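Just below is one structure, and these are the notes that go with it.
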Amino acid sequence: MPRRDSAPTYTMRQLAAFVAVAETGTITAAADLMHLSPSALSASITELERALKVQLCVRRRSFGVQLTRTGESVLVRARALLQQADELESDALGTAGTVSGPIAIGCYPALGPTILPSMIAGFTRAYPATQVEFREDNQNRLQTHLENGELDLAIAYDLDLSSELRTIPLTTREPLIVMGAEHPLAQSEHPIHLPDLAGFPMVLLNAPPSTKHALDVCRLGGFVPDVAYRTGNFETARAFVGRGLGWTLLLQRPKMDITYEGLEVVVKTIGSPAVASVDVVLAWHQDARLSRVARSFIEFVSQRDDQQ
């Protein structure tokens, strides 16, 4: 039998205390979360640092806890170890077939209203012992959250994604031109010829990757758009369009072509030049140690045939 002299000197409890501090930002909040006294939780962090022989965080009175660079790296591994420990316990208790526990899912904001509700409702109905947490953010930050382990999975457009991400397709979106009902091009029965938009002001959805994608489409049409307004909100872009403040290019189309003010917008396809469709994907980092819940979510959505 090989010797086990290399067994770690830290405990799962210490790792859990460290993760709690990292996620709450203060010793007091983490202590409440773990039902410990602040002094006991602080001692656990100190013991973990002593065991690892590194400083994981800087504790400043009245300013909370700030992770060191080493602490940020250890946080990712700590979460993975705690996840594996939970699954080991489930296996030992004979509950390995039960899918339970939390999952953190990110979503590009414009995709949230059309994809996320039905997906989460279906998954939690199939696996009632799971708890889904979700975060909406632009695609650049979603990728960062996947890399540092803050998110398990993310729903995003397949545009400028890191090569370190693995993906499965969910659905496809066609680029659309949206304009107010009074726009000179709105009443035409023909699809939009992109160069015809060059002389009109644009409302740009300013949220990566939509920003670059919209500008690339305009470049394909041979012009640089006259951007009159920028907004990071999908509905604000539609509202500006409804007011006649410009046209916009979107990959999402609500069920009704009416803004919150009750104004009509006209949605038109692009006729020429041809513009490629864009896939919507579920993504995760290639090095992530996916939990049973995350693996079940991937399997669940890959079997769905009712994506919006």
Side-chain angles (χ1 to χ4, degrees), residues 2-27 29-31 33-36 40-60 64-93 96 99-106 130-135 137 140-154 156 161-167 282-298:
R3 295 181 61 185
R4 299 298 182 184
D5 294 342
S6 60
T9 56
Y10 57 83
T11 67
M12 291 293 108
R13 191 68 171 171
Q14 290 166 358
L15 288 180
F18 171 61
V19 171
V21 167
E23 292 179 346
T24 62
T26 68
I27 294 291
L33 185 65
M34 295 196 65
H35 306 291
L36 295 171
L41 188 130
S42 182
S44 289
I45 301 299
T46 299
E47 291 165 3
L48 179 61
E49 290 177 320
R50 186 178 297 120
L52 296 177
K53 298 180 176 60
V54 295
Q55 183 178 9
L56 299 173
C57 54
V58 178
R59 290 167 253 189
R60 296 190 178 97
V65 174
Q66 180 69 43
L67 296 189
T68 63
R69 292 223 173 215
T70 301
E72 292 174 353
S73 177
V74 169
L75 177 62
V76 176
R77 300 295 299 275
R79 284 180 171 139
L81 285 172
L82 290 171
Q83 167 197 306
Q84 292 172 6
D86 285 342
E87 293 192 0
L88 174 62
E89 183 177 15
S90 295
D91 292 344
L93 292 173
V99 178
S100 63
I103 180 174
I105 301 174
T130 60
Q131 303 90 44
V132 178
E133 303 170 10
F134 78 93
R135 175 186 303 182
D137 215 328
N140 292 344
R141 287 196 287 267
L142 288 178
Q143 293 192 76
T144 298
H145 297 324
L146 287 173
E147 290 168 3
N148 63 26
E150 293 181 45
L151 292 175
D152 299 302
L153 307 167
L161 289 179
S162 167
S163 60
E164 295 183 347
L165 298 183
R166 297 182 62 188
T167 64
L282 182 67
W284 62 95
H285 197 272
Q286 62 182 9
D287 296 330
R289 295 176 174 85
L290 296 177
S291 67
R292 182 179 290 117
V293 181
R295 296 195 302 271
S296 297
F297 192 90
I298 293 170

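On a predicted model such as this, the values are computed, not experimentally measured, just so you know.
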Chi angles and distances behind the side-chain contact (heavy atoms from CB on, under 4.5 Å) call for Val21, Ile45: CA-CA 9 Å; Val21 167; Ile45 301 299; 4.1 Å; yes

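- Arg77 CZ: 12 or fewer foreign heavy atoms inside a 6.0 Å radius.
- Closest non-hydrogen pair, Gly149 versus Val76, comes out as N-CG2, 4.4 Å.
- Crowding of Gln66 atom CD: a count of heavy atoms from other residues, nucleotides or ligands under 6.0 Å not exceeding 12.
- In this structure, the side chains of Ile105 and Asp152 stay at 4.5 Å or more apart for every pair of heavy atoms.
- With values rounded to the nearest 0.5 angstrom, Leu146 atom CG is found 12.0 Å from Asp287 atom CG.
- Going from atom NE2 of His35 over to atom CG of Leu33 covers 7.0 Å, rounded to the nearest 0.5 Å.
- Minimum heavy-atom separation, Leu151 to Arg135: CD2-CB, 4.4 Å.
- Cys57 is listed as a side-chain neighbour of Glu49, based on a closest heavy-atom distance under 4.5 Å.
- With respect to the salt-bridge test (charged N to carboxylate O, under 4.0 angstrom), the residues Arg79 and Glu150 do not qualify.
- In this structure, the separation between CD on Glu147 and CD on Glu164 is 6.0 Å, given to the nearest 0.5 Å.
- With rounding to the nearest 0.5 angstrom, the CG atom of Leu82 is 12.5 Å from the OG atom of Ser291.
- For Thr167 against Ala283, the heavy-atom pair with the smallest separation is CG2-CB, 3.8 Å.
- The closest side-chain heavy-atom distance from His145 to Asp137 is below 4.5 Å.
- Within the 4.5 Å cutoff, the side chain of Gln143 has heavy atoms near those of the Leu161 side chain.
- Interatomic distance, Thr9 OG1 to Gln14 CD, rounded to the nearest 0.5 Å: 8.0 Å.
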Audit row: Thr46, Arg59, side-chain contact (heavy atoms from CB on, under 4.5 Å) steps and yes/no: CA-CA 11 Å; Thr46 299; Arg59 290 167 253 189; 3.4 Å; yes

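- Of all heavy-atom pairs between Ser296 and Val99, the closest is OG-CG2, 3.4 Å.
- Inter-residue side-chain proximity for Val65 and Val58 is flagged as unmet; no heavy-atom pair is nearer than 4.5 Å.
- Not one N or O on the side chain of Ser73 forms a donor-acceptor pair closer than 3.5 Å with the backbone of Arg69.
- Here the closest heavy-atom approach between residue Leu75 and residue Ala22 is recorded as CD1-CB, 3.7 Å.
- Residues Leu56 and Leu48 meet the side-chain proximity criterion, which asks for heavy atoms closer than 4.5 Å.
- Take Phe297 and apply the ring pair (Phe, Tyr, Trp, His ring centres under 6.0 Å) test, not counting sequence neighbours, and it matches Phe123.
- When all heavy atoms of Ala78 and Leu15 are compared, the closest pair comes out as CB-CD2, 4.0 Å.
- Residues Leu153 and Ile103 meet the side-chain proximity criterion, which asks for heavy atoms closer than 4.5 Å.
- Residues satisfying the salt bridge (charged side-chain N to carboxylate O under 4.0 Å, His left out) test with Arg13, not counting sequence neighbours, are none.
- Contact of the Thr70 side chain with the Leu52 side chain is not registered, since no non-hydrogen atoms from C-beta on lie closer than 4.5 Å.
- Note: Trp284 CH2 to Arg295 CZ = 12.0 Å, rounded to the nearest 0.5 Å.
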